[in-house]
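Order of the sequence lines sets the chain letters (A, B, ...), proteins ahead of strands, with each chain counted from 1.
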There are 2 protein chains.
Amino acid sequence: MPMGLSQEELNRIDEVIGTRRKIKRGATLFRNGEKFTSLYAIRTGFFKTRIASEDGRDQVTGFQMAGEVVGLDGIVNDHHSCDAVALEDAEVCVMPFDRIEEISREVNALQRHVHKIMSREIVREHGVMLLLGSMRAEERLATFLLNLVQRLHARGFSQSELVLRMTREEIGSFLGLKLETISRTFSRFVEEGIVEVKQRHVHIVNTEALRDIVNPKKSS
Amino acid sequence: MPMGLSQEELNRIDEVIGTRRKIKRGATLFRNGEKFTSLYAIRTGFFKTRIASEDGRDQVTGFQMAGEVVGLDGIVNDHHSCDAVALEDAEVCVMPFDRIEEISREVNALQRHVHKIMSREIVREHGVMLLLGSMRAEERLATFLLNLVQRLHARGFSQSELVLRMTREEIGSFLGLKLETISRTFSRFVEEGIVEVKQRHVHIVNTEALRDIVNPKKSS
DNA sequence: CGTAATGTTGAGCGCATTCAAGCCGGGTGG
DNA sequence: CCACCCGGCTTGAATGCGCTCAACATTACG
């Protein structure tokens, strides 16, 4: 949240927070088709969002962690258009959207904040489109790992150590690859000494090498 | 725009519209890195938005036509993070964003409208992610054609006739395919009598067949 | 402790890519 | 008006990356 707000403004902003809600691992926070009422700020835990095509295929559209907001997809049609599934026991702040709209009319900082959150999501998705549209398997996985560790680091975790909350299949769905390809690509990274992998525990040994994979260097 | 507004409200909303601006074919409305000031409502013409990765590859993130809004990417960081390029001579309404924020504090309908536009873009991108992440070439192109013709139809154009404003290469970039693949896939559709193609002029002969490609039927 | 879920690895295949050659159509200048 | 040129498009042949299918290993969990 931006700084420089009066106490009065801060109090008003607190009002957008309704109840809290706990979601068990594997349960959904909301599902495609459900009525949209609120945005959810993740307090603890880890989520994936996914959409399903008519014929059973589904696509993971993102992984969200503490401090991030889910539910923006529901605003257009007053109904959610994707599922949000907890990948571990989680807790969220329920923020009724009509309250958000009401208060953001009075508190400029909140209005600005809401706009930025939505715009940030649009920009994030642009990045995913670039990944899905033009990267090879190694680049996709390297990009994914760097993004994940960067977000975790911003929350006070290690820059080189991370525990995956999702399966290979979920990573694959997000990256537009099959789970076997994820597994093989991890193995290749391990062979090359770039990372160490023990199940879902990943230790990034050589961050620079990952960056080089994402951004193939034009060595003459 | 939603209905049921008072004259006063309508007048207020008109105030978000600043100047108009003409963009010649091939010129950019805004570029990655430029300061963000305004959203743009397309009055006439056709745009593509694209992002570029460090190493020259780029990804078309969308095609926009009359009535659609571009520039939402700029809100987060006060700078644009993609380019908007006119694919034909175009005209846009410049809508300074601080005016939008100001007036949407007073006019609920505008506030709601802005939120919906942003949410719609997020949902649209989810669909693109599904396409890029899990569809084969034929499905991608079929989806693309159906989406394009549906948007054109909503604007009063034919349901079966369309003129592509973009090159095969641009379609390919958007769909995560090479231009040769686009060309070949068009040829296959023609062979199968699904469409007729003469350069950029496309006549959809069999819409149902396209739908079947998008949504493989589970024939026993 | 046993069973199901998850992950690894191998072999062969297929779809989209790459590389290459040629075509078409529109615009320009002689 | 025609010759030329160039960007956009098409088509062919060969390659290769990621997928499919399959067997097996490992781990989580009731």
Side-chain angles (χ1 to χ4, degrees), chain A residues 24-27 46 48 56-60 85-89 131-145 162-192 195-203 213 216, chain B residues 24-26 46 48 56-57 59-60 85 87-88 131-145 163-192 195-202 213 216:
Chain A
K24 282 234 158 294
R25 171 197 166 112
F46 208 91
K48 69 172 174 183
R57 276 182 302 194
D58 65 345
Q59 170 77 27
V60 171
V85 182
L87 296 180
E88 57 185 6
D89 291 357
L131 179 148
L132 291 173
S134 73
M135 291 187 184
R136 300 178 313 100
E138 290 194 355
E139 301 174 68
R140 296 186 194 198
L141 188 58
T143 303
F144 173 71
L145 288 175
L162 69 155
V163 176
L164 301 173
R165 255 64 226 221
M166 67 296 283
T167 67
R168 303 287 192 264
E169 184 168 24
E170 287 164 334
I171 297 172
S173 172
F174 179 59
L175 299 180
L177 299 168
K178 293 291 146 181
L179 66 94
E180 296 96 326
T181 303
I182 301 299
S183 186
R184 277 186 242 276
T185 307
F186 265 129
S187 299
R188 211 172 313 145
F189 285 175
V190 170
E191 277 174 34
E192 293 167 6
V195 299
E196 289 165 4
V197 179
K198 183 179 271 192
Q199 292 299 117
R200 301 203 179 172
H201 203 99
V202 177
H203 174 63
I213 289 172
Chain B
K24 280 233 156 299
R25 173 196 164 112
F46 208 92
K48 68 172 175 183
R57 275 181 304 194
Q59 169 78 25
V60 171
V85 182
L87 297 180
E88 56 184 5
L131 180 148
L132 291 173
S134 72
M135 291 187 184
R136 298 178 312 101
E138 291 194 354
E139 303 174 67
R140 296 187 197 198
L141 188 58
T143 303
F144 173 71
L145 288 175
V163 176
L164 300 173
R165 255 64 227 221
M166 68 296 282
T167 67
R168 302 288 191 264
E169 185 168 22
E170 288 163 333
I171 297 171
S173 172
F174 180 58
L175 298 180
L177 300 168
K178 294 290 147 180
L179 69 95
E180 296 96 327
T181 303
I182 301 299
S183 185
R184 276 186 243 276
T185 307
F186 265 129
S187 299
R188 210 171 315 145
F189 285 175
V190 171
E191 275 173 37
E192 294 168 4
V195 300
E196 289 164 4
V197 180
K198 183 179 269 189
Q199 294 295 118
R200 301 204 177 172
H201 204 97
V202 177
I213 289 172

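Contact annotation: the side chain of A:Phe186 approaches that of A:Arg168 to within less than 4.5 Å [non-hydrogen atoms, C-beta and beyond].
At the phosphate of D:dT10, OP1 or OP2 sits under 4.0 Å from a side-chain N or O atom of B:Arg168.
Residue pairs meeting the salt bridge (charged side-chain N to carboxylate O under 4.0 Å, His left out) criterion with at least one member in residues 171-192 of chain B, sequence neighbours excluded: B:Glu138-B:Arg188.
Considering only residues two or more places apart in sequence or on other chains, A:Glu88 meets the side chain to side chain donor-acceptor pair (under 3.5 Å) condition with A:Arg165. Applying the salt bridge (charged side-chain N to carboxylate O under 4.0 Å, His left out) criterion to A:Arg25, with sequence neighbours excluded, gives no partner residue. Taking A:Glu169 as the reference, A:Thr167, A:Leu179 meet the side-chain contact (heavy atoms from CB on, under 4.5 Å) condition, with sequence neighbours excluded. Taking A:Asp89 as the reference, A:Lys24 meet the salt bridge (charged side-chain N to carboxylate O under 4.0 Å, His left out) condition, with sequence neighbours excluded. Listed by chain and number, the residues in a salt bridge (charged side-chain N to carboxylate O under 4.0 Å, His left out) with B:Arg57 are A:Glu139, B:Asp55 (sequence neighbours excluded).
Annotation for A:Ser173 and A:Asp58: closest pair OG-O, 3.4 Å, computed over non-hydrogen atoms. B:Leu87 and B:Glu170 get closest at one heavy-atom pair: CD2-OE2, 3.6 Å. Here the shortest heavy-atom pairing between B:Ile182 and B:Leu177 reads CD1-CD1, 4.0 Å.
Going from atom CE of A:Met135 over to atom P of D:dG18 covers 13 Å, rounded to whole Å. We find that CZ of A:Arg184 is positioned 11 Å from P of D:dT20, with the value rounded to whole Å. D:dA28 atom P lies 10 Å from atom CZ of A:Arg25, rounded to whole Å. When rounded to the nearest whole Å, the span between CZ of A:Arg140 and C1' of D:dC19 equals 13 Å. Taking atom CG of residue B:Leu164 and atom C1' of nucleotide D:dT10, one finds them 15 Å apart after rounding to whole Å. Taking atom CG of A:Leu132 as the reference point, atom C1' of D:dG18 lies 14 Å away to the nearest angstrom. Rounded to a whole Å, the NZ atom of A:Lys198 is 12 Å from the C1' atom of D:dT26. In this structure, CZ of B:Arg188 is placed 12 Å from C1' of D:dT11, rounded to the nearest angstrom.
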Distance-only donor-acceptor hits, side chain of residues 196-203 of chain A, under 3.5 Å, sequence neighbours excluded:
residue	atom	partner	partner atom	Å
A:His201	NE2	A:Glu161	OE2	3.2
A:His203	ND1	A:Glu161	OE1	2.7

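Using a 4.0 Å heavy-atom cutoff across all strands shown, A:Arg200 reaches sugar-phosphate atoms only and no base atom.
Taking a heavy-atom distance under 4.0 Å as the criterion, the stretch of DNA chain C touched by chain B extends 5' to 3' from C:dA16 to C:dC19.
Residue A:Arg136 holds its CZ atom at 9.0 Å from CD1 of A:Ile213, rounded to the nearest 0.5 Å. Here CG of A:Leu141 is found 11.5 Å from CZ of A:Phe174. Values are rounded to the nearest 0.5 Å.
Non-hydrogen atoms lying under 4.0 Å from DNA chain C are contributed by A:Leu179, A:Glu180, A:Ser183, all within residues 169-183 of chain A.
Considering A:Leu145, A:Leu164, A:Thr185 as possible partners of A:Ile171, the one that fulfils the side-chain contact (heavy atoms from CB on, under 4.5 Å) test is A:Leu164.
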Distances under 3.5 Å only, N/O to N/O: pair up the protein atoms with those of nucleotides 14-17 of chain D.
none

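Note that the two end axes of the helix from C:dC1-D:dG30 to C:dG30-D:dC1 enclose an angle of 40°, each drawn from 5 base pairs, rounded to 10 degrees.
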